[in-house]
S.K.: 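This is the structure I want to talk about, given as structure tokens.
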Amino acid sequence: MAAAATMVSSAGGLLAMLNESHPALKLHALSNLNTYVDYFWPEISTSVPIIESLYEDEEFEQRQLAALLVSKVFYYLGELNDSLSYALGAGPQFDVSEDSDYVHTLLAKAIDEYASLKTKAAESNDASAVVDPRLEAIVERMLDKCISDGKFQQAIGMAIECRRLDKLEEAVIRSDNVHATINYCIDVSHSFVNRREYRLEVLRLLVKVYQQLPSPDFLSVCQRLMFLDEPEAVANILEQLLRSEDVDEALLAFQIAFDLVENEHQAFLLKVRDGLPSAKLQPSEPAVPSGSAQPEPAQSGNAVTSEDVQMTDGAQVDGSAITSDPLEVIYAERLTKIRGVLSGETSIRLALQFLYSHNKSDLLILKTIKQSVEMRNSVCHSATIYANAIMHAGTTVDTFLRENLDWLSRATNWAKFSATAGLGVIHKGHLQQGRSLMAPYLPQGGSGGGGSPYSEGGALYALGLIHANHGEGIKQFLRESLRSSNVEVIQHGACLGLGLAALGTADDEIFDEIKNVLYTDSAVAGEAAGISMGLLMVGTASEKASEMLAYAHETQHEKIIRGLALGIALTVYGREEEADTLIEQMTRDQDPILRYGGMYAIALAYRGTANNKAIRQLLHFAVSDVSDDVRRTAVLALGFVLYSEPEQTPRIVSLLSESYNPHVRYGAAMAVGISCAGTGLSEAISLLEPLTSDVVDFVRQGALIAMAMVMVQISEASDSRVGAFRRQLEKIILDKHEDTMSKMGAILASGILDAGGRNVTIKLLSKTKHDKMTAVVGLAVFTQFWYWYPLIYFVSLAFSPTALIGLNYDLKVPKFEFLSHAKPSLFEYPKPTTVPTTASAVKLPTAVLSTSVRAKARATKKEAEKASTEKAEPNSAKGKTVDKDGDSSMQVESTVEKKAEPEATFEILTNPARVVPAQEKFVKFLEDSRYVPVKSSPSGFVLLKDLRPNEAEVLALTDSLSSTSANAGAPPAAGQQQGAASSMAVDEEPAPPQPFEYTS
């Protein structure tokens, strides 16, 4: 072609030929011009009208060639729309397989055009919106070519974008590895499909394809069905697996149930459970669902025996009813087990036992905080109580409270409410004994002259926190408490408790009861009622939101409007474009508090979607609204929209974090804290560092809390800034001249950093990339603590235990070893500050400098006592500080030894073990292991196949908790039960003092 181009120096002669009358001459001219158009297009462009007239001449046989030539000229002139319309006219002359810039550009243009036409037609529901059949033909040729060339990912991307589900199905079915292709489709649909309705259509198609496969991946199918909200289909799959004679299929069913529970969607799980057949189990059925959370009076070892009761109960009833068919007996037993899993009890019980037995919280940190906080400062006093609750969330260890009763009793009014509610966080998940634990503080029925209304309200809130998202057994009691009281503080606690217990169940009766509280127009009770209505209706996009909005316009109380604003936002959780009309209404409202609710509505409706439209809207409000509250919340809301892509957040808010407006800086810090929680992301830490020493106290507070959220469970070995941050917190807490606000931030940050006995992280996405509803909702309400401190406890809803808990067929925890192929120091617990030598090296200098002589004397006396107890009982003292590898030398010695020899490159862990998210990729099962996992993911609850079923098993977890709770449960005093499992849990603490009760 280059040689020809040198021969021809101008296109003039060829263009002149176009005016000849003979068709052969015109054809010769066209085909040559088509060859040289890349060189002579400026010259040819002057004759475009002649070539166009050839294309329009019906008689001319080579019209399509003329169209192709015009199309190329327009392409070079930059007129892509005209170029495309002529390319369509060129029909088969336009070769989609040609490898040239011209073809690539026009194909991209054609696909964009086609996709936008199809999208418009779908969104306006206008079937008459016609797509040019020639355009459709080009896109189809392109899709078919991709599929036939084996470029399946390309074909899938195009098919999804062009809404051609028929081609999508073809591409998936014809691909070499259907499972991998389906997973790719799922990722694409979550990342790139902006409209929820269309995404659900894609998922429906994939489920259909799955079910036609010879061996479907049921784990994945059930996750998709959960997205599609089809509990019946999930129940059918589980039933089919449970009925199988193959034990592996039953294990798979249990694994599916545990994976679904991890997504925390109470209403869906209960529908699945109720969809399972139960005819054979009628008499024993109550043992599973409702008996679960019945407040049995402190039955010793209840946490364990409840399941044993269920099992023997089911087996015995079934045994008597169906002796003939052993398969039916096995099936009935399996049903009983899986119902226990779906109701959430099994996983909660095991997580509770894990957090209790592995608790590594450091009481010395709390003592330091307590000693440095001035008694007169009620904010810091309360913050210490919050930090203690968060630090011991779910561990059932309330030693710190028992040791400091006199200090605790100085809490008055709402501080007393918070102190009592904190017990709910510490005992979170203690479904069996929740009510008996809280009994001393609960409103005493009828008498009315019980304790203080503040501790009674706090106790009702605590019950909600204990039963959050699993409230079947406690809902009734909370409803009665709400009905029988007209004290606003008690109503406040009962509303919050009820909202938590009935999270997302959309129960109309409960809604009406809470609405009655709202209509009393009491500011205190009304605020809780508004939030609670949202919790109850979370994600339902219910019509009731308009009632709530109407009342928000009527009432004069800011507190009520704020509670309702957040409540309305919760109702549209996850509804994406369906929520747009409500968002529009709220964000255009005159009242800044409702616009503030509108920011939460965007955050929750588009949670984790990284949707561009939502991000644009929030950024618009962040820089333009007249109200600081709205601007702060708009930036903070970005954290919720982006938590599925945490690396994006620091980039997007980096400029806002340098804003002149402190509210915007605070919002930027919290946005990073929310979306990067538990990731230890380096960019996030770099962005937050300057904000922790901001000039404005509340910005420092937000940055400290956010930093703790990002660093939760990140060890100093993997990022040295973690150690520096811990020292910074201690410095702020001990500094007499520090502002109360930032001191409060540092105290809360200390709690979050060591949350749940250092065994939990903050996770908003489950392993299967499903959003964890409870966690997202928990953080959304937690951020409201700006106005109302007791809402801090909602952060505990976002905590997930970082444990690998392997379970056998009986859902018990067998002891066995597995490998973590990484240096132990990367993922170890922070060094405890309890051992005297390290304490004197690290702690004392700072403590001495900033505390009075009396405190110093007290501390040394305590150290001496501790040293003597350690000498007296060396085993018990060491038993707690040893590492999992069973090295029984004292902590101090082992550090010396470690310096001497190089660190191992791996460590052996024993089931159940703490496995933090970053460690999961290093976890391997040993080659000759007796147990192998049903599925590959090495975290959370993993069901195990037993390769040597005839050998005896050694079990972990169960025995330890039952024996301790049996010991602890022995004293009959009502107040005593409150620490049912706490007396033995902390390193070398003396026995707790006598039980106490608040007196008003």
S.K.: If you define the side chain from C-beta out and look only at heavy atoms, does anything of F799 sit under 4.5 Å from V712?
M.R.: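 Answer no - side chains too far apart.
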S.K.: Hey, what do you get for CZ (F400) to CD1 (I369), rounding to the nearest 0.5 Å?
M.R.: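 Between atom CZ of F400 and atom CD1 of I369 there are 8.0 Å.
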S.K.: Could you give me the CA-CA distance, side-chain angles and deciding distance for L797 and V781, then say whether side-chain contact (heavy atoms from CB on, under 4.5 Å) is met?
M.R.: CA-CA 10 Å; L797 271 62; V781 182; over 6 Å; no
S.K.: Are M670 and F782 close enough, and set up right, to give a side-chain contact (heavy atoms from CB on, under 4.5 Å), and what steps lead you there?
M.R.: CA-CA 11 Å; M670 289 304 276; F782 161 73; 4.1 Å; yes
S.K.: Can you name the side chain to side chain donor-acceptor pair (under 3.5 Å) partners of S715, sequence neighbours left out?
M.R.: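 Applying side chain to side chain donor-acceptor pair (under 3.5 Å) to S715 gives S718.
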S.K.: Does some side-chain heavy atom of H427 sit less than 4.5 Å from a side-chain heavy atom of D398?
M.R.: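 Sidechains of H427 and D398: in contact.
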S.K.: Could you tell me which residues satisfy ring pair (Phe, Tyr, Trp, His ring centres under 6.0 Å) with F354, sequence neighbours excluded, listed by chain and number?
M.R.: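 Ring pair (Phe, Tyr, Trp, His ring centres under 6.0 Å) list for F354, sorted by chain: H358.
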S.K.: Given side chains that start at C-beta, do those of S418 and Y793 come closer than 4.5 Å, heavy atoms only?
M.R.: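 Yes - at least one pair of side-chain heavy atoms lies under 4.5 Å apart.
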S.K.: Which atom pair, heavy atoms only, marks the closest approach of E716 to V722?
M.R.: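 Reported closest heavy-atom pair: CA-CB, 4.3 Å.
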S.K.: Enter the distance from T740:OG1 to Q701:CD here, rounded to the nearest 0.5 Å.
M.R.: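 The CD atom of Q701 is 10.5 Å from OG1 of T740, to the nearest 0.5 Å.
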S.K.: Under a 4.5 Å cut-off applied to non-hydrogen side-chain atoms, are L366 and K370 in contact?
M.R.: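 Not in contact.
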S.K.: Between E828 and E907, is the side-chain contact (heavy atoms from CB on, under 4.5 Å) condition met? List the steps.
M.R.: CA-CA 11 Å; E828 66 187 357; E907 65 181 318; over 6 Å; no
S.K.: Return the CZ to OG1 distance between F725 and T692, rounded to the nearest 0.5 Å.
M.R.: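 Rounded to the nearest 0.5 Å, the CZ-OG1 separation comes to 7.5 Å.
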S.K.: What are the two closest non-hydrogen atoms of H392 and S361, and how far apart are they?
M.R.: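 Scanning both residues completely, I find the closest heavy atoms to be NE2-OG, 2.9 Å.
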S.K.: For D739 and M741, indicate whether the former's side chain and the latter's backbone hold a donor-acceptor pair under 3.5 Å.
M.R.: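 No, D739 side chain to M741 backbone: no donor-acceptor pair under 3.5 Å.
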S.K.: Is there side-chain contact between I908 and L819, with heavy atoms separated by less than 4.5 Å?
M.R.: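 With C-beta onward as the side chain, the pair touches.
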S.K.: Give the ring-plane orientation class for W788 versus W414, where under 30° counts as parallel, over 60° as perpendicular and anything between as tilted.
M.R.: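 Rings of W788 and W414: perpendicular, over 60°.
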S.K.: Would you tabulate the side-chain donor-acceptor contacts of residues 744-758 under 3.5 Å, counting partners in other chains and residues two or more places apart, or write 'none'?
M.R.:
from: S750; atom 1: OG; to: A746; atom 2: O; distance (Å): 2.9
from: D754; atom 1: OD1; to: R726; atom 2: NH1; distance (Å): 3.3
from: D754; atom 1: OD1; to: R726; atom 2: NH2; distance (Å): 2.8
from: D754; atom 1: OD1; to: R758; atom 2: NE; distance (Å): 3.0
from: D754; atom 1: OD2; to: R726; atom 2: NH1; distance (Å): 3.4
from: D754; atom 1: OD2; to: R758; atom 2: NH2; distance (Å): 3.2
from: R758; atom 1: NH1; to: P830; atom 2: O; distance (Å): 3.4

S.K.: Ignoring hydrogens, what is the shortest heavy-atom contact between L764 and I674? Give both atom names and the distance.
M.R.: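 Smallest heavy-atom distance, with atoms named: CD1-O, 3.8 Å.
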S.K.: Would you indicate whether the side-chain heavy atoms of I792 and I390 approach each other to under 4.5 Å?
M.R.: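 In short, these two side chains touch, coming nearer than 4.5 Å.
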S.K.: Please report the interatomic distance CD(E920) to OG1(T802), rounded to the nearest 0.5 Å.
M.R.: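 Rounded to the nearest 0.5 Å, the CD-OG1 separation comes to 9.0 Å.
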S.K.: Please name the pair of heavy atoms, one in Y461 and one in L791, separated by the smallest distance, quoted to 0.1 Å.
M.R.: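 What the structure gives for the nearest pair is OH-CA, 3.9 Å.
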S.K.: Passes side-chain contact (heavy atoms from CB on, under 4.5 Å), Q713 versus Q919? Steps please.
M.R.: CA-CA 11 Å; Q713 283 208 335; Q919 190 176 5; over 6 Å; no
S.K.: Below 30° counts as parallel, above 60° as perpendicular, anything between as tilted: where do the rings of F827 and F922 land?
M.R.: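 Ring orientation of F827 relative to F922: tilted.
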S.K.: Using the side chain to side chain donor-acceptor pair (under 3.5 Å) rule, take T368 and E730 through it: C-alpha gap first, then chi angles, then the decisive distance, then the call.
M.R.: CA-CA 8 Å; T368 312; E730 188 179 25; 5.2 Å; no
S.K.: What is the distance from atom CD1 of I385 to atom OG1 of T420, rounded to the nearest 0.5 Å?
M.R.: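 Here the interatomic distance stands at 9.0 Å.
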S.K.: Considering only heavy atoms from C-beta outward, does the side chain of M707 approach that of R721 to under 4.5 Å?
M.R.: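 No, their side chains stay 4.5 Å or more apart.
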S.K.: Are the side chains of K731 and R727 in contact, using a 4.5 Å heavy-atom criterion?
M.R.: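 Not in contact.
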S.K.: What about Y666 and W786, are their ring centers closer than 6.0 Å?
M.R.: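 For Y666 and W786, the ring centres are under 6.0 Å apart.
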S.K.: Taking atom CD1 of I426 and atom CG of L401, what is their separation to the nearest 0.5 Å?
M.R.: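 So the CD1 of I426 and the CG of L401 are separated by 4.5 Å.
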S.K.: Looking only at heavy atoms, which two atoms of L465 and K428 are closest? And how far apart?
M.R.: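 The answer is O-CG, 3.6 Å.
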S.K.: Which atom pair, heavy atoms only, marks the closest approach of V710 to A684?
M.R.: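 Heavy atoms only, the tightest pair is CG1-CB, 4.2 Å.
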